[in-house]
Amino acid sequence: MNSPEQTKQPNFKAHFAELLQHAASTLTTLDTPETSPRIEMSRTKQASHGDYSCNLAMQLAKPLRKNPREIANMLIDALPDSLYLEKVEIAGAGFINLFLTNAAKQNFLPYVLKSGDKFGNSDHAQGTKIQIEFVSANPTGPLHVGHGRGAAFGASLANILAAVGFCVTREYYVNDAGRQMDILALSTWLRYLELNGIHVPFPENAYQGDYVKVMAQLIQQAHATRYVHQVDLLLEGLDIAASDAVINTDVQLDQLIANAKTILGEDYAYIHNFVLTEQLGDCRNDLMEFGVAFDTWFSEQSLFDNGLVAQTVQLLEAKHCLYQQDGATWFRSTKFGDEKDRVVQRENGQFTYFASDIAYHLNKFERGFEQVINVWGADHHGYIARVKGALQALDQDPQKLEIALVQFAVLYRDGVKAPMSTRSGEFVTLRALRQEVGKDAARFFYVLRKSDQHLDFDLDLAKSQSNENPVYYVQYAHARVCSVLAQWEDEDVAMLAEVSAETLTSPAELALLQKLIDFPDAVEAAAKEFAPHLIAFYLRELASEFHSYYNSSRFLVPEIPLRHARLALIVSTQQVLRNGLNLLGVNAPEKM
RNA sequence: GUGCCCGUAGCUCAAUUGGAUAGAGCACCAGCCUUCUAAGCUGGGGGUUACAGGUUCGAUCCCUGUCGGGCACGCCA
């Protein structure tokens, strides 16, 4: 590849790496793998260091037993010619600094303009089937701001993975089979009884939120007193005296659920199904308004209904990975690196959550996904070993499952940590956050930090419609380009892909060009590292280069060639801003 | 107590996974609107990368220890 191809978008980083690879191959002593390290080509931080830099000479210093600078000289002598290469320098301890020609940067613009919405995309993953499961919050109440982070992270990552060529399936695992759902059904029914004038003490450890009362009202409106039953036996076995006594233990709550099931009989299923449908619908709607959509809503209950949980446990049995103890069935997860063995079937015959989760993960692989990503809250980190262990026991490759741990967001209001608990009802919902700060600010704010880092979510800051909100900075750059274009009489944007950009030679212009060239690498890195924040940081830098340029130069100048060249540059910038914001689920407004 | 994660400017966070003089935003100080949007730009101060050792050409990153913070250690989900 000694000359630029006319059709395919050039990848300067990869191109320079190839040049050095070739140069390294001429050093005849480099014939074993250990002495020929992979080429690390990186962008420089300082302009004086050129555009790309390579540490190959330093890496070879030890195996070749030579001075790095001497090796660098040998590599440079053996470097093939390239039309992209302006010059090469050796600097510091032995860095090889490569400078792109201005022409290479200028001629890149048509690639951006012609690729349009697809600029930044690649086919690197070649259609590999990948599934990303995220949010998966229990449908027992509104999503709160903690879930919001998982939603923003997962949705952005899914977009990024799709951009580099993965065939992505976005999935929400619905925990519709467990005790929490029973507690919600009970809570709703008790509120419903209250509405109908029947006083029953409301357990302190039931769901306290107002949305429960709303659901009770809905049932009342639709069915009047249809679900009012004789409740004399409701407090049976709770070991409390008066009807206004306090209920607050798990044992009491479970007894209450059992009593409710007995009293309601077949009507219990209606209540249970009603609250599930209601909460799931609310959740789906909430996420949709947050710009987060799923391809699949996978029901945990379906795993039981289809017998997959029992089948999976039998499979583990067949692999001799189970044993009985204390009346329960245990999975020998210590055999696969877990700290202790885990119960899959309880003494009372019920399967544990872990059992259905094994079935779920096995099912993921049986659906043909070549790669599976779980986005989990960081409090689940202790859960990773047992799930991977179970997959391994079932002859699946645990490497195909990658867990992206997302730290919780800690809320601050007036500089004070805000309490957050679903059951007490003291939490800030995602919906409330969206209404106060807007979808765009919330989405951007969430991915502005590395996901495995704690996020201090300053509500007052996020709510403020000021320039402290970093999303405006990026959006403003986009709106500014739109504004310039609105004042350009010709307004033939398509033509800009054909104009010459050779007049773009100022430092601001060359820096902005280089930033545009960097975009595909940023997407690639974000995909590889599961790091949407890299896109957010990239966009901030791109916007910064643009704003500097905006203040340094006028675009709508009288000289037509220069005007067209500059417009081509800012329209390209507009395109990349839009593409990047799109990956993060943030709008690119035309006016602000 | 054991395991995992974290500790970087006054605050919130980066640092291309071992590279060059550790970078941004906010806050603070000084400038820039008769010109395509000032939600912007330019310049400035601010650091023993918690601490102490070690590994090597080179450490915020890897190893050991100490201190400090978070999470997890259920027949819950």
For [X] and [N], what is the distance between atoms [atom1] and [atom2] respectively, to the nearest whole Å?
X      : N     : atom1 : atom2 : result
A:I384 : B:C73 : CD1   : P     : 13 Å
A:Q487 : B:U35 : CD    : P     : 12 Å
A:E590 : B:U37 : CD    : P     : 14 Å
A:R449 : B:U8  : CZ    : P     : 13 Å
A:Q407 : B:C5  : CD    : P     : 11 Å
A:I403 : B:C5  : CD1   : P     : 15 Å
A:F537 : B:A14 : CZ    : P     : 6 Å
A:R540 : B:U12 : CZ    : C1'   : 10 Å

Notebook entry, point to check: Is there a donor and acceptor pair closer than 3.5 Å between the side chain of A:N97 and the base of B:A20?
Noted result: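 Side chain to base: pair found, below 3.5 Å.
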Item checked: Distance below 4.0 Å between A:S42 side-chain N/O and B:U16 OP1 or OP2 ->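 It does not, given that no N or O in the side chain of A:S42 lies less than 4.0 Å from OP1 or OP2 of B:U16.
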Checklist line | Pairwise 5' ranking along RNA chain B for A:G92 and A:F555, keeping only the more 5' one | finding: A:G92
Next item on the list: Find which nucleotide of RNA chain B each of A:K450 and A:M592 is nearest to by heavy atoms, and output the residue with the more 5' nucleotide.
Entry: A:K450
[X] and [Y]: side chain donor to acceptor below 3.5 Å:
X      : Y      : result
A:Q180 : A:T140 : no
A:Y173 : A:N374 : no
A:T249 : A:Q252 : yes
A:Q514 : A:Y52  : yes
A:Q453 : A:R449 : no

Should [N] form a Watson-Crick or G-U wobble pair with both distances under 3.5 Å, which nucleotide is its partner?
N     : result
B:G7  : B:C67
B:G40 : B:C32
B:G45 : none
B:G1  : B:C73
B:C13 : B:G23

Next item on the list: Kindly compute the distance separating CG (A:L542) from CG (A:L581), expressed to the nearest 0.5 Å.
Entry: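 CG of A:L581 is found 9.5 Å from CG of A:L542.
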Note to self: Distance check, rounded to the nearest 0.5 Å: A:D51 atom CG versus A:R43 atom CZ?
What the structure shows: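 Between atom CG of A:D51 and atom CZ of A:R43 there are 6.0 Å.
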Check: Does the side chain to side chain donor-acceptor pair (under 3.5 Å) test come out yes or no for A:Y353 and A:E300, once each step is laid out?
Finding: CA-CA 9 Å; A:Y353 176 81; A:E300 181 192 4; 6.0 Å; no
Classify [X] by what it touches in the nucleic acid, base, sugar-phosphate, or nothing, heavy-atom distance under 4.0 Å.
X      : answer
A:H381 : base
A:S553 : base
A:F354 : nothing
A:A477 : nothing
A:D326 : base
A:A522 : nothing
A:H380 : base

Next item on the list: May I ask you to decide if the ring planes of A:W330 and A:Y323 are parallel, tilted or perpendicular, using 30° and 60° as cut-offs?
Entry: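 Geometry flag for A:Y323 against A:W330: parallel rings.
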Restricting to nitrogen or oxygen on both sides, can you table the protein-nucleotides 40-42 of chain B pairs closer than 3.5 Å?
residue : atom : partner : partner atom : Å
B:G40   : OP2  : A:N467  : ND2          : 3.2
B:G40   : O2'  : A:R480  : NH1          : 2.9
B:G40   : O2'  : A:N551  : OD1          : 3.2
B:G40   : N2   : A:N551  : ND2          : 3.1
B:C41   : OP1  : A:Y473  : OH           : 2.5
B:C41   : O4'  : A:N551  : OD1          : 3.3
B:C41   : O4'  : A:N551  : ND2          : 3.3
B:C41   : O3'  : A:S548  : OG           : 3.3
B:U42   : OP1  : A:S548  : OG           : 2.8

Checklist line | Neighbour count >12 (heavy atoms, 6.0 Å) for atom NE2, A:H124 | finding: no
Margin query: Let's see if you can work this out: which of B:A20, B:U37, B:C76 has an atom nearest to the side-chain heavy atoms of A:R179?
Written below: B:C76
Checklist line | Closest contact, heavy atoms only, A:A328 versus A:E347 | finding: CB-N, 4.1 Å
Note to self: If I pick the C1' atom on B:G25 and the same atom on B:G3, what distance separates them, to the nearest angstrom?
What the structure shows: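 Rounded to whole Å, the distance is 36 Å.
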Check: Going by number, which of residues 337-348 of chain A have a non-hydrogen atom under 4.0 Å from RNA chain B?
Finding: A:E339, A:K340, A:V343, A:R346, A:E347
Next item on the list: Any chance you could lay out the side chain to side chain donor-acceptor pair (under 3.5 Å) test for A:E541 and A:S544, step after step, and finish with the verdict?
Entry: CA-CA 5 Å; A:E541 288 163 13; A:S544 174; over 6 Å; no
Next item on the list: Treat primed atoms plus P, OP1 and OP2 as sugar-phosphate and everything else as base, then score nucleotides 54-63 of chain B 5' to 3': B for base contact with protein heavy atoms under 4.0 Å, S for sugar-phosphate contact only, - for none.
Entry: ---B------
Margin query: Apply ring-ring contact (aromatic ring centres under 6.0 Å, His included) to residues A:F546 and A:H478 and explain how you reach the verdict.
Written below: CA-CA 9 Å; A:F546 171 77; A:H478 183 269; 9.8 Å; no
